[in-house]
Amino acid sequence: MSADRVRGVVVDIEEPKTVNTQYGESDLCEVTIRPDRGAGEPTTVTLWGKWTENAEVIETGMEIAVYNPDEREYQGEQQYSVGGDATLVVQPDFLVDVTDIRAWVQCPRMYYLRKLDGAEHAYPLVKGTVVHEVFGDLLRGRDLDTAIEEQVDAAGLDIGLLGREADEVAGDVRDHASAIQGWLQQGTLTETDQWRSEMTLISERFGMKGRADAVRRGMPVELKTGKNTKREPRFQDKIQATAYALMLGERAAGAGSAVDAAPDTGTLLYTKNAAVDRNEESGDLSPAKEFSIGSGLLNYVVRTRNAIAAMEYDSGVPTGYEANAKCEYCFEQDTCMAVSGRLDQESKAGTVGRAVPDEELDYFERFYTAVEAERRSVHREYAKLWEQTPGERADNDRALIDLEPTGRTELDGGRWELRATGTGAVSKIREGNLVLASDGDPVTGNAELARVERLGEEIVVTADEPLDLRRLDVYPSELTTDRLQNALHDAVLLQSPEQKDVLFGRREPAFDAVEETFIDNNDAQNEAVQLAVGAEDFALVHGPPGTGKTYTLARMVRALVDRGDRVLLSAFTNRAVDNLLEALEDQGYTDIVRVGTESGVREDMQKYRLETSGDPGECASRLQNAQVVAATTATCGGSTLQTQEFDVAVVDEAGQLTEPGTLAATTLADRFVLVGDHQQLPPVVQSENETLSTSLFERLIDDNPDAGVMLDRQYRMAQHIQAFASREFYDGGLRPATGEVAAQRLDDLDGVSLDALPANLRERVSFVDPDGSQVGNTNPAEADRIAEIVASYRAAGVPADDIGVIAPYRAQVAEISKRLPDVTVDTVDRFQGSSKEVIVISFVATGTLDSPIFEDYRRINVALTRAKKALVLVGDGDALATDEVYGRMVEWARG
DNA sequence: CCTCTGCTCAGAGGA
């Protein structure tokens with residue numbers, strides 16, 4: 001019996017040695033692994049020849065996989081060898097981008113610097129992107145002039161921000177595009193050429209992902225808008241194309257050897273060669289350069305990929321010595337030396353400048369490591385793409401499977417609209433999302449990145465190439481982690497020492513005294529605006545539920561604008577950003593530019609949205625002249641807003657943001673205001689991660705109580721409803737704004753009679769124990785009882801719209817929804833920021849509380865504070881009593 | 001053992 005794959009955790013690595021074999025001298029290194037994630041019997045894997053280079057970076061605890069190993073029995077033990085046709089993959093769950101392999105081949109430090117400071121806005125990049133888009137259009141048979149015009153138009157904002165004109169860019173693009181067209185029209189390219197453009201490749205086997213510019217007859221074609229007058233393609237370009245060839249080979253090989261099945265030729269297309277002056281340049285000016293792809297190059301790609309994955313195992317920092325970096329002509333040399341100097345890192349190029357203070361170095365390292373841990377959780381999401389290939393039919397809310405294709409239409413832009421009917425299953429996929437659309441198998445089948453246009457009975461997506469739409473998968477993205485890393489870099493390395501002093505507690509934040517009254521009937525709200533206006537560094541506004549936080553924010557923004565400040569308005573979610581704009585609108589302020597994707601911005605706020613295509617000058621000046629710019633923090637970390645500066649950044653729902661997430665907005669401004677409530681929802685973090693799950697808001701409010709004000713009067717809840725939350729979460733400091741708010745009752749609503757309610761529901765807060773039992777994450781008996789309770793309120797005259805039901809698990813939400821089709825039933829997270837006259841909460845758990853109900857107490861705070869006039873808690877009283885806080889809650893609810 | 005939003009994606013090139 002032979003295994004085509006061996007995988008396990010490394011438990012021992014011998015010193016490499018040189019031995020004599022029948023073929024001459026050869027290096028080897030023995031590695032002992034335990035299969036089954038470390039649980040299996042120890043097995044020896046011998047790395048031969050160049051694979052011993054990887055042995056130097058492997059550490060115990062890492063996982064390795066070997067494909068097609070030579071296998072033999074020696075003294076009763078199975079031994080495996082990596083040489084010949086075999087391939088070694090280190091940390092296969094870590095997905096390395098092809099462009100990262102390319103960067104590492106140039107210099108490992110370059111790989112690292114790209115990760116820290118990725119949001120660059122430069123003309124060669126913008127031009128290169130446009131040329132690539134035009135290339136794709138030409139492959140899809142579009143007309144050259146139309147393609148250039150449309151793609152330059154699509155890049156309008158980027159071009160404008162660089163101060164360029166559309167005509168000038170179109171001319172530059174034409175020089176490149178003509179070379180492409182000339183090459184495409186050459187006789188060697190026949191009707192039989194089969195082209196695919198923009199092919200997304202994800203490899204489980206090699207732990208690699210990337211997107212090939214084009215694939216012709218199964219072979220990779222890479223477009224480069226740079227110049228290369230040598231006869232050979234540049235080495236890093238060959239590596240990039242070879243990486244795609246390896247993944248194409250994997251798709252073609254099935255269970256066989258990907259190296260054997262890989263295409264044997266790659267093509268690099270250097271479009272600038274055609275545009276240079278032939279009188280001044282010598283050398284080979286033909287744009288297309290082919291090269292042969294052999295097992296040597298393919299294995300080199302894998303070894304390089306392994307070196308990266310091994311370094312990322314413990315968030316290491318490369319020095320430049322890991323590969324043969326040449327610093328003399330490197331255009332990143334200055335940056336490299338500056339970064340290594342400031343972060344006290346070793347660099348082959350040397351260092352300049354003094355290191356930032358120790359506490360900043362520690363901070364940088366702590367957050368860098370935390371963000372990389374978060375990146376690894378994103379990588380685990382990719383694994384779900386191949387955990388459930390067709391047939392396995394995993395219950396997974398990350399995919400819509402078994403779709404029935406109903407048709408496709410070619411659209412004007414050369415893109416395709418693909419349609420299918422769904423099975424009615426629910427998933428995380430929503431309209432506007434970027435997904436992997438496939439013919440049924442997202443990994444080895446025909447798959448394309450696509451945009452979800454409609455998600456009803458009929459499912460409609462748009463993609464670059466046509467396919468039979470049988471399946472959609474969530475496409476995991478490292479974009480957020482990339483941007484967190486950029487924000488960390490900007491905060492520690494680009495901010496002035498004065499700005500950092502207050503972040504690192506070396507100086508108290510300073511305030512100018514402000515006498516002006518902005519809000520005259522609420523002292524805390526007025527003080528919040530005064531603090532914000534007078535802040536020289538930062539101000540903090542703590543806004544518990546219902547305290548008029550959004551109104552205060554809008555008033556604050558107006559006050560800042562009146563002083564002439566340019567304001568950046570941000571929050572984690574699109575919904576929160578749009579809510580803020582609505583509040584500003586309510587105050588009559590509309591000089592706003594909203595930056596964000598079309599699908600992210602709410603319909604009624606589209607009128608403020610910055611158009612990214614069109615006349616470059618117009619697009620750019622609209623952004624540059626806006627006094628108030630609004631965007632999510634993720635967008636703040638992107639390249640568009642990196643070109644902008646602000647006097648003040650105002651960040652809402654700051655308690656929900658990780659520290660680097662907040663910095664993405666605050667580093668764009670001289671000073672900042674954070675508004676939020678650290679007693680409500682914490683940041684959403686995928687990895688178990690203490691560092692990321694505390695918000696900057698919470699840290700600053702703990703360290704600088706004088707820099708903050710708490711809004712203490714709430715306009716939402718009746719006295720009794722707010723009492724528990726006030727005592728438990730706000731030290732008793734939260735109180736009703738008026739007697740009217742405190743005394744509100746359900747029969748204040750038109751047509752509602754309390755007498756029509758059963759006796760146990762007449763109080764403002766009640767507790768009901770339905771004596772149900774938990775089944776998985778549902779409790780059907782409790783769902784029945786909740787349906788009865790809601791029916792009682794309806795019978796007493798409460799409109800369905802005024803009632804909301806909150807449950808801890810999505811399964812229970814579905815269970816209750818089945819019984820209550822016209823009432824809003826949702827999880828806590830989706831209820832945040834809104835409120836209802838009547839709230840019913842389902843606790844599901846019975847017997848014991850061994851699994852977390854609302855994760856932590858902050859979630860229950862959110863749930864309890866959604867109700868205005870009536871709140872009903874439904875659950876197992878005995879189970880809840882086993883927890884101190886829930887126990888006190890039940891006592892309070894029973895009155 | 002559960003909750004879950006962001007974001008065009010990954011790659012654009014200089015010498």
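Just so you know, these numbers come straight off a predicted model, no measurement behind them. Letters go in sequence order (proteins before strands), and every chain restarts at 1.
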Tell me whether the OP1 or OP2 atom of [N] has a side-chain N or O from [X] closer than 4.0 Å.
X	N	value
A:Asn574	B:dC7	yes
A:Thr827	B:dC4	yes
A:Arg810	B:dC4	yes
A:Thr225	B:dG13	yes
A:Thr633	B:dG6	no
A:Thr129	B:dA12	no
A:Tyr123	B:dA12	no
A:Arg234	B:dG13	no
A:Tyr244	B:dG11	yes

Which part of the nucleic acid, if any, lies within contact of [X], taking any heavy atom under 4.0 Å across all strands shown: a base, the sugar-phosphate backbone alone, or nothing?
X	value
A:Arg451	base
A:Lys127	nothing
A:Thr632	sugar-phosphate
A:Val98	sugar-phosphate
A:Phe572	base

Among [options], find the nucleotide with the atom closest to the side chain of [X].
X	options	result
A:Glu222	B:dC7, B:dA12, B:dT5	B:dA12
A:Pro124	B:dG14, B:dC4, B:dA12	B:dG14
A:Thr635	B:dC7, B:dA10, B:dG6	B:dC7
A:Tyr809	B:dA10, B:dG6, B:dC2	B:dC2
A:Lys224	B:dT5, B:dC7, B:dG13	B:dG13
A:Glu120	B:dG13, B:dC7, B:dT5	B:dG13

Does any donor atom in the side chain of [X] or [Y] lie under 3.5 Å from an acceptor atom in the other side chain?
X	Y	value
A:Glu120	A:Gln642	no
A:Glu374	A:Thr481	no
A:Glu465	A:Ser197	yes
A:Asp883	A:Tyr857	yes

Roughly how many Å is it from [atom1] in [X] to [atom2] in [N], rounded to a whole number?
X	N	atom1	atom2	value
A:Lys230	B:dA15	NZ	P	14 Å
A:Arg398	B:dC2	CZ	C1'	15 Å
A:Asp213	B:dG13	CG	P	8 Å
A:Gln106	B:dG13	CD	P	11 Å
A:Tyr270	B:dG14	OH	P	11 Å
A:Gln485	B:dC7	CD	C1'	17 Å
A:Asp334	B:dA15	CG	C1'	14 Å
A:Glu332	B:dG13	CD	C1'	10 Å

Candidates A:Asp97, A:Val105, A:Ile101, A:Ile308 - the one meeting side-chain contact (heavy atoms from CB on, under 4.5 Å) with A:Tyr111:
A:Ile308

Could you tell me whether A:Glu598 and A:Arg451 make a salt bridge, using a distance below 4.0 angstrom between a side-chain N and a carboxylate O?
no

DNA chain B: A:Glu198 or A:Asp829, which has the more 5' nearest nucleotide?
A:Asp829

To the nearest 0.5 Å, what is the distance between CG on A:Leu467 and CG on A:Asn446?
5.0 Å

What about A:Thr99: does its side chain form a donor-acceptor pair under 3.5 Å with the base of B:dG11?
no

Can you tell me, in whole Å, how much space there is between the C1' of B:dC7 and that of B:dG11?
16 Å

5'-to-3' dot-bracket of DNA chain B (Watson-Crick, G-U; under 3.5 angstrom; crossing pairs as [ ]; | other strand)
...............

Donor-acceptor pair, side chain of A:Arg234 and main chain of A:Asn228, under 3.5 angstrom
no

Cation over ring face, A:Arg164 and A:Tyr123, 6.0 Å, 45°
yes

Contact check, side chains of A:Gln832 and A:Gln680, non-hydrogen atoms, under 4.5 Å
no

